[in-house]
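The figures here come from the full heavy-atom set of this structure, side chains too, leaving out hydrogens, waters and symmetry mates.
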Amino acid sequence: MQVEKLEKTLPEVVQKLEKLKSGETLAAELSWCWVSFQNDQNPVGVIEKGHEALAFFKEAREKNSKAVSKKLVESFEKALS
């Protein structure tokens, strides 16, 4: 997990999740996990919710390729790896 890249990418990821239908809960959970990570440096929740968000984005892209930018998905994948 690349913390510096996540710091840059995560706000955009959360914003996009909030805009997509049924992504609001995941956005809130991911935000909470990020704040928790910043406090205790335990990345488990961020990684888990991050992968859920990636799966959500990929599913959204299958339905509508313009729903989520390819660049955002790729940036987020790199940050989580």
Please assess Glu12 against Lys16 for the test side-chain contact (heavy atoms from CB on, under 4.5 Å), listing each intermediate value before the final yes or no. CA-CA 6 Å; Glu12 188 178 352; Lys16 182 56 81 173; 5.7 Å; no
Would you tabulate the side-chain donor-acceptor contacts of residues 69-81 under 3.5 Å, counting partners in other chains and residues two or more places apart, or write 'none'?
| from | atom 1 | to | atom 2 | distance (Å) |
| --- | --- | --- | --- | --- |
| Ser69 | OG | Leu72 | N | 3.1 |
| Ser75 | OG | Lys71 | O | 2.9 |
| Glu77 | OE2 | Lys58 | NZ | 2.7 |
| Ser81 | OG | Lys78 | O | 2.8 |

To check you understand the geometry: which heavy-atom pair defines the closest contact between [X] and [Y], and what is its length?
{"X": "Ala60", "Y": "Leu20", "value": "CB-CD1, 4.4 Å"}
{"X": "Phe56", "Y": "Ser22", "value": "CE1-OG, 3.6 Å"}
{"X": "Lys5", "Y": "Gln2", "value": "CD-OE1, 2.8 Å"}

Mind running side-chain contact (heavy atoms from CB on, under 4.5 Å) on Trp34 and Leu6 for me, showing each step along the way? CA-CA 9 Å; Trp34 178 249; Leu6 268 178; 3.9 Å; yes
Atom CD in Glu52, atom SG in Cys33: separation rounded to 0.5 Å?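 It is 8.5 Å, given to the nearest 0.5 Å.
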Could you state the interatomic distance from CD (Gln15) to OG (Ser31), rounded to the nearest 0.5 Å? 11.0 Å
Any sub-3.5 Å donor-acceptor pair from Ser65's side-chain atoms to Arg61's backbone N or O?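 No.
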Please answer: with hydrophobic residues joined when any side-chain heavy atoms are less than 4.5 Å apart, are Leu54 and Val3 in the same cluster? yes
Would Met1 and Leu30 show up in the same hydrophobic cluster when neighbours are defined by side-chain heavy atoms closer than 4.5 Å? yes
Going by the salt bridge (Lys or Arg N to Asp or Glu O under 4.0 Å) test, which pairs reach into residues 19-37, not counting sequence neighbours? Glu29-Lys49
Side chain to side chain, Val44 and Phe37, heavy atoms closer than 4.5 Å: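 When only atoms from C-beta onward are counted, Phe37 and Val44 do not touch, as no gap falls below 4.5 Å.
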